[in-house]
Protein chains: 2
Amino acid sequence: MTSLQPARAPRAPRRGPANRLPPERRIAEIIAAARALLAERGYENCVISDIAERAGVVEGTIYRYFENKRDLFIKVAESWFEELLGQQEDVAHVAGTQERLRRTIRRALSIIRHEPALTRFVLMELRPDPDYKNLRLYRLNRAFVSGVMQVLKEAHAKGEIDGALSLPLLRDMIFGAIEHQTWAFLREEGDFSVDETTDGITAVVFRGMQPVSVGAAGADDMAARMERMEAAIARIEAR
Amino acid sequence: MTSLQPARAPRAPRRGPANRLPPERRIAEIIAAARALLAERGYENCVISDIAERAGVVEGTIYRYFENKRDLFIKVAESWFEELLGQQEDVAHVAGTQERLRRTIRRALSIIRHEPALTRFVLMELRPDPDYKNLRLYRLNRAFVSGVMQVLKEAHAKGEIDGALSLPLLRDMIFGAIEHQTWAFLREEGDFSVDETTDGITAVVFRGMQPVSVGAAGADDMAARMERMEAAIARIEAR
DNA sequence: CTTTGTAATGAACTGGCCTCATTAGACCGC
DNA sequence: GCGGTCTAATGAGGCCAGTTCATTACAAAG
C-alpha cells in the first residue's frame, strides 16, 4: 500500500558496443527473430532473452519497440499472415461454385499445413482473447474468410444454396471442419493430406448446401414415397 | 552445470494452527476452490496463492496433492466434465436420425452455454497440448463425442448417409460448427440461442449427409425419376 | 568540435510457480 | 493417559521469465 518509491538504486551499467539502427530496421529484425523462434518453439516457449539474443540486441531494447511479449507476437502474426495473404490466388476467374469452394478451402488447409506454429498461435492464443476483434489480425482474417463468403453469396444469388440455410453457419461449418481435421496435426500427432481433406470437406459442404426441391424434413419421407410409387408403377406395368 | 547445493538455509517456520484433513477431503476442497476460481477468472488469471487461500490452505499444501498448476486444473476439468456427463440424457430411445442428432448437438451447445470457463480451458489449454490424447479427459470427451458417432453409424447402417461420406468428417463438421458458432460467446461478446444454433447445425448436417438419391446432387435425379413416373402413368392411362 | 536527440544498455525489480526442511496433529499399542 | 510414529501442513525462500528505467553513447546537425 505504501507506494513510496522503492528507491531504485542508481546504477552505472557497463557497456558493450551499441549497434545503432534506424527504428524501422530494428523492428524488422526483432520481428524476424521472434518469428523464427515462434516457428521452432511455439509462443509459450519463446523467451524474450532468446529473442533478444537472436536479434542481436538486449532485452530492454525489445520493450522500446513493443509494449510487451504478447504485443510483439501479435505484430509477428500480423506481418506473417499478411505475407501469406499476398500470395493468395484470385479465385474470381474460376467457374463453378464447387471448384471455387474447393480452392478457398484448399488454400486454408495449405496455410495450416505449412505454418502450424503461426496457426497454433493465432487459433489458441489470439482468437480466444476478449479483444481479438480489435486486432488488425482479426480484420486480416476476415479478409481471408470473406473469400469463402463471397463464393457462398454468389452461389446463393444463383439459387444454388437452399434458402433456409444461413450463410454464416455454412461458413462456420467449413472452417470448423478445417480446424477439427487439423487438430491432430497441430498437436504434432501426424500429417494430413491437404488434397484429401479438401475434397472431403468440399464434398460435404457442397452437398449440404444444395437446395432441396422438397421440404428438408420430408426428404427421406419423400424418398420412401417415391420408391413405393415406382414399385407400384412397375407392378402395374408388369401386368 | 555445477549442481552443488545452493545450500538452502535451514529455516524454522513459525506456525499457524494446521487444520488436518483426510487427503481425500483436502483434495476435494482444493479442486472445488480451483473450479470456482476457474469459473470466475479463467486459467491464466488463476493464481495458486488465491486458490490456496480460498481452500483455506497454504500454497505448499497444494503441491502435496498436485504435481503443478496444470495438473491441478486437469483434475478440475476432469471431475467437472465427468459430472456433466452424468447428467447426460440417453438418446437411444429417441426415434429418427434427425431428432437424435438434434439432441446430441443440443447437449453440446448447452454445456458450452452453461460452462464457458470449463469449455475455454479445455478447448484452448488442454486440447492443443501434445499429450492431450493421454489425458483421462480425452477419453471422457471421446465418450461424449461417441454419442454423435453412434447416431451417425446407425444412420449409416440404415443407408441414411451417402456411402461416399466419411463419418469422422461429418463429426468434425458438427463439432467444428458448434465451436465456431460459439467463439464469440466464449470471448464474452454476447449470448447465443442454444435452440436456434442447434436447429441450424442439425439442418445443414442432416441435409449434407443425405444419400444422393434423395437430397443434394440428387435433385435432378429426383426430377428424372419423376419424369419417368409421369411417363409411366401416362402410358398406363393411355391403355 | 560541440550539442542534442534518441537508440541501446543491463542491473534491478516483480510476481507467479514451485521446493523442501521443519513442525505438529492424530492415531496406535501399551 | 503416554510416548512413538506416520504424514498433513506449513511458510520461507529459490527460481525464472517478463518488465522497468536511469544511464550511456552513437550519430547527425549546427
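The sequence lines fix the lettering, A, B, ..., with proteins before strands; numbering per chain opens at 1. Just the heavy atoms: all of them, side chains too, but no hydrogens, waters or symmetry mates, feed the values below. Note that the coordinates shown come from a computational prediction; the quantities given were computed from them, not determined experimentally.
To the nearest angstrom, C1' of dA9(D) lies 10 Å from CD1 of Ile30(B). A straight line from CG of Asn45(B) to C1' of dG15(C) spans 14 Å, rounded to a whole angstrom. In this structure, CZ of Arg26(A) is placed 12 Å from C1' of dT9(C), rounded to the nearest angstrom. Atoms CG (Asp50(A)) and P (dC16(D)) sit 13 Å apart, rounded to a whole Å. For the pair Arg70(B) CZ and dC18(C) P, the computed distance is 11 Å after rounding to whole Å. Atom-to-atom, CD of Glu44(B) to C1' of dC17(C) comes out at 12 Å; the value is rounded to the nearest Å. Leu72(A) places its CG atom 13 Å from the C1' atom of dT19(D), with the value rounded to the nearest Å. Atom CD of Glu29(A) is separated from atom C1' of dA7(C) by 13 Å (rounded to the nearest Å).
In this structure, the nucleotide among dA8(C), dC6(D), dT19(D) sitting nearest to the side chain of Tyr65(A) is dA8(C). Among dA9(D), dC18(C), dG18(D), the nucleotide with an atom closest to any side-chain atom of Arg20(B) is dA9(D). In this structure, the nucleotide among dT7(D), dT9(C), dT19(D) sitting nearest to the side chain of Arg64(B) is dT7(D). Closest approach to the Ile48(A) side chain among dA8(C), dG18(D), dG11(D) is made by dG18(D) (side chain taken as heavy atoms from C-beta onward). Set against dT19(D), dA8(D), dT9(C), the side chain of Lys69(A) has dT19(D) as its closest nucleotide. Proximity note for Tyr63(B) (side chain, C-beta onward) versus dG18(D), dT10(D), dT19(C): the nearest is dT19(C).
Ion pair Glu78(A)/Lys75(A) not flagged as a salt bridge, since none of the NZ, NE, NH1 or NH2 atoms sits closer than 4.0 Å to an Asp/Glu carboxylate oxygen. Ionic pairing of Glu154(B) and Arg100(B) is present here: one or more N-O contacts between side-chain nitrogen and carboxylate oxygen are shorter than 4.0 angstrom.
Looking at heavy atoms from C-beta onward, Phe66(A) lies out of side-chain contact with Phe73(A) at the 4.5 angstrom threshold.
Within the nucleic acid shown, Val58(B) comes within 4.0 Å of at least one base atom, counting heavy atoms only. Within 4.0 Å of Ile62(B), counting heavy atoms only, lies no atom of the nucleic acid at all. If you check every strand for non-hydrogen atoms under 4.0 Å, Pro22(B) touches nothing.
Under the 3.5 Å distance criterion, the side-chain polar atoms of Asp131(B) are left unmatched by any main-chain donor or acceptor of Asn134(B). Ser146(B) places no side-chain N or O within 3.5 Å of a backbone atom of Met149(B) that could act as its donor or acceptor partner.
In this structure, Asn68(B) and Asn19(B) both approach DNA chain C, and ranking their closest nucleotides by distance from the 5' end singles out Asn68(B). Comparing Thr61(A) and Val57(B) by the nucleotide of DNA chain D whose heavy atom lies nearest to each, the residue mapping closer to the 5' end is Val57(B).
Between the base of dC17(C) and the side chain of Glu59(B) there is no donor-acceptor pair shorter than 3.5 Å.
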